[in-house]
Protein chains: 2
Amino acid sequence: MPTRKSTPKIRPYHHGDLRRALIDAALALVTEEQDWAFSLREVARRAGVSHNAPYNHFGDKQDLLIAVAGAGFEKLRERMAASVAGVSAADEALLASGRAYLESALENPALYRLMFGPALAKPKGGRPQAAREAGNDARAVLVDIIVRGARSGVFTVAADDPVDLEKAVFFAWSVVHGLAMALLDGFLQVELTVDDLIKQFERVVLRGLLPR
Amino acid sequence: MPTRKSTPKIRPYHHGDLRRALIDAALALVTEEQDWAFSLREVARRAGVSHNAPYNHFGDKQDLLIAVAGAGFEKLRERMAASVAGVSAADEALLASGRAYLESALENPALYRLMFGPALAKPKGGRPQAAREAGNDARAVLVDIIVRGARSGVFTVAADDPVDLEKAVFFAWSVVHGLAMALLDGFLQVELTVDDLIKQFERVVLRGLLPR
DNA sequence: ACCTGAACACCGTTCAAGT
DNA sequence: ACCTGAACACCGTTCAAGT
């Protein structure tokens with residue numbers, strides 16, 4: 001009996017993280033093509049596996065896209081968290097996180113659209129759960145900032161009133177969200193930089209949260 | 001030679017508006033499935049034609065989706081225009097159009113996402129032109145309102161300064177856009193009605209445009 | 001447990017015809 | 001000018017095997 005060929009071949013990913021590799025490949029495709037109309041088989045090809053290997057990790061193509069959206073939310077959360085790391089004043093932190101948010105969206109519009117696209121919106125068996133949690137984690141960064149501002153009295157929000165708090169969070173989120181989307185879609189007919197947008201954000205959000 | 005069968009058979013759409021029929025069928029599918037992952041062949045089936053008939057009217061599937069988005073913008077424009085028909089005060093008109101906008105978005109989230117989705121964003125031969133024009137027409141309703149408010153002195157916008165005007169329009173649009181999107185995506189964790197949202201809109205936009 | 005190859009029904013798009 | 005049928009390469013998904 002010959003010696004067993006025990007030297008490990010260069011077999012990528014068989015260490016067990018094909019799932020991650022597939023998400024990365026799909027994320028790269030979304031980024032390159034600025035759309036998510038590519039085929040699942042193409043993703044498998046990129047990951048160097050057979051076209052049905054993905055089904056060991058995802059129920060279907062939609063599930064993979066949901067996971068990509070989840071990864072997008074994780075990246076967004078990290079970026080937002082990093083932007084407020086050394087910032088103690090709540091109003092400054094709010095602006096910094098808003099800037100991080102806008103920059104993230106503008107860097108990868110398609111990923112951003114996927115994160116807020118129909119994939120996550122459709123119930124279909126409660127599968128988007130993990131991605132939704134990632135979205136909530138990103139949202140939590142904003143909640144923290146607003147709670148801090150409310151406690152320190154920088155914002156005119158009642159820190160102990162959940163409804164008031166939620167309204168403020170929703171309000172701030174929707175304004176940056178709207179700025180990002182409108183910018184992405186070219187609804188802006190005049191030249192504005194991200195800095196200008198931040199000023200808009202400041203003008204709008206802080207005016208809504210700071211004492212008059 | 002027998003008589004020519006000149007009596008018109010019940011042949012739907014052969015009067016020439018298959019294009020419109022295809023757009024309607026696709027619009028119905030977007031509405032029903034709340035997604036645009038359906039096949040072009042399915043659209044053709046619904047319109048009662050062979051699976052390649054669409055290619056007489058659209059370059060490809062993407063082109064059809066772009067046309068659907070265009071139809072969505074037309075409906076949005078009509079609805080916004082109707083909402084401000086009898087309203088003379090600019091600030092009231094702004095609120096009314098904002099309400100119309102939110103209601104439209106909430107009634108058909110998938111159509112709304114399609115209108116602001118990757119299809120229109122990708123250049124690919126300058127084909128989305130018509131749909132973009134429809135979008136601009138909807139936008140024009142808002143421009144009119146703001147110009148009116150600027151001229152009548154209700155809004156703190158310089159009516160003769162294009163940049164100031166554009167900023168105000170962009171600002172108002174992005175806020176409703178953001179409210180609609182955030183609501184669609186369930187980022188709101190507290191119960192709010194459209195009326196509550198309109199109050200938010202009022203609080204934010206009017207505060208930004210009215211004299212302090 | 002994870003991956004592969006074969007298989008199936010379906011799809012987007014093209015092309016040569018038909019009227 | 002507009003529509004159809006046949007054709008092609010490709011896709012999503014399933015299944016029976018392989019390790």
Side-chain angles (χ1 to χ4, degrees), chain A residues 1-26 29-30 33 35-68 114 118-119 122 124-125 127, chain B residues 1-26 29-30 33 35-68 114 118-119 122 124-125 127:
Chain A
M1 205 184 291
T3 59
R4 302 212 249 130
K5 29 179 177 171
S6 58
T7 23
K9 290 277 176 60
I10 314 165
R11 295 207 307 165
Y13 298 125
H14 285 281
H15 55 281
D17 221 357
L18 177 56
R19 184 190 159 83
R20 185 73 232 174
L22 289 168
I23 292 177
D24 287 344
L29 278 166
V30 169
E33 305 192 357
D35 202 350
W36 51 92
F38 50 80
S39 71
L40 183 55
R41 282 160 110 114
E42 171 72 19
V43 180
R45 249 174 257 132
R46 289 235 179 173
V49 291
S50 82
H51 65 268
N52 11 19
Y55 290 93
N56 284 301
H57 301 276
F58 303 97
D60 55 16
K61 188 192 172 187
Q62 173 110 317
D63 264 2
L64 172 57
L65 288 178
I66 288 172
V68 172
L114 175 62
K122 303 216 294 184
K124 202 180 184 181
R127 284 176 302 173
Chain B
M1 205 185 291
T3 59
R4 302 209 249 132
K5 30 179 176 171
S6 58
T7 23
K9 291 277 176 60
I10 313 166
R11 295 209 303 168
Y13 297 128
H14 286 280
H15 55 282
D17 221 356
L18 177 56
R19 184 190 158 83
R20 184 73 234 173
L22 289 168
I23 293 176
D24 288 345
L29 278 166
V30 170
E33 304 191 357
D35 202 348
W36 51 91
F38 50 79
S39 72
L40 183 56
R41 282 162 111 112
E42 172 72 18
V43 180
R45 249 174 257 133
R46 288 234 180 173
V49 291
S50 84
H51 64 269
N52 10 19
Y55 289 93
N56 285 301
H57 301 276
F58 303 96
D60 56 15
K61 187 192 172 188
Q62 173 110 316
D63 264 4
L64 173 57
L65 288 178
I66 288 172
V68 172
L114 175 62
K122 303 216 294 185
K124 204 181 184 180
R127 283 177 303 172

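These numbers were taken from a predicted model, which means no experiment stands behind them. Lettering of chains follows the sequences in order, A, B, ..., and the numbering in each one begins at 1.
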Quickly work out the [X] [atom1] to [N] [atom2] distance and round it to whole Å.
{"X": "B:Q62", "N": "C:dC11", "atom1": "CD", "atom2": "P", "value": "19 Å"}
{"X": "A:K61", "N": "D:dT14", "atom1": "NZ", "atom2": "P", "value": "15 Å"}
{"X": "B:Y55", "N": "C:dA16", "atom1": "OH", "atom2": "C1'", "value": "17 Å"}
{"X": "B:E42", "N": "C:dC11", "atom1": "CD", "atom2": "P", "value": "7 Å"}
{"X": "A:H51", "N": "C:dT4", "atom1": "NE2", "atom2": "C1'", "value": "9 Å"}
{"X": "A:D60", "N": "C:dC10", "atom1": "CG", "atom2": "P", "value": "18 Å"}
{"X": "A:R46", "N": "D:dC11", "atom1": "CZ", "atom2": "P", "value": "13 Å"}
{"X": "A:F58", "N": "C:dC2", "atom1": "CZ", "atom2": "P", "value": "12 Å"}

Sugar-phosphate only, base, or nothing, as touched by B:H57 at under 4.0 Å among non-hydrogen atoms: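 Answer is sugar-phosphate: B:H57 comes under 4.0 Å of backbone atoms only.
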Check: C:dT14 base within 3.5 Å donor-acceptor of B:N52 side chain: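 Answer yes: a donor N or O sits under 3.5 Å from an acceptor.
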For DNA chain D, the dot-bracket pattern of Watson-Crick and G-U pairs whose distances stay under 3.5 Å, | for other-strand partners: ||.|||||...|||||.||
B:N56 and B:L18: CA distance, side-chain angles, deciding distance, side chain to side chain contact (heavy atoms under 4.5 Å, CB included) verdict: CA-CA 9 Å; B:N56 285 301; B:L18 177 56; over 6 Å; no
Any side-chain heavy-atom pair of A:Y55 and A:L40 under 4.5 Å: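 A:Y55 vs A:L40: side chains touch.
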Non-hydrogen side-chain atoms of B:L64 and B:I23 separated by less than 4.5 Å: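 Yes; the side chains approach each other to less than 4.5 Å.
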Counting side-chain heavy atoms from C-beta on, which of [options] comes nearest to [X]?
{"X": "A:N56", "options": "C:dC2, C:dT13, C:dG12", "value": "C:dC2"}
{"X": "A:A53", "options": "D:dT13, C:dG12, C:dT4", "value": "C:dT4"}
{"X": "B:L40", "options": "C:dG12, D:dC11, D:dT13", "value": "C:dG12"}
{"X": "A:R41", "options": "D:dA7, C:dA7, C:dT4", "value": "C:dA7"}
{"X": "A:L18", "options": "C:dC11, C:dC3, D:dG12", "value": "C:dC3"}
{"X": "B:S50", "options": "D:dT13, C:dG12, D:dT4", "value": "D:dT4"}

Atom pair [atom1]/[atom2] of [X] and [Y] - distance to nearest 0.5 Å:
{"X": "B:K61", "Y": "B:I66", "atom1": "NZ", "atom2": "CD1", "value": "12.5 Å"}
{"X": "B:R41", "Y": "B:H51", "atom1": "CZ", "atom2": "NE2", "value": "4.0 Å"}
{"X": "A:W36", "Y": "A:L65", "atom1": "CH2", "atom2": "CG", "value": "8.5 Å"}
{"X": "B:R46", "Y": "B:L29", "atom1": "CZ", "atom2": "CG", "value": "4.0 Å"}

Residue whose closest nucleotide on DNA chain D lies nearer the 5' end, A:G59 versus A:R45: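 Closer to the 5' end of DNA chain D: A:R45.
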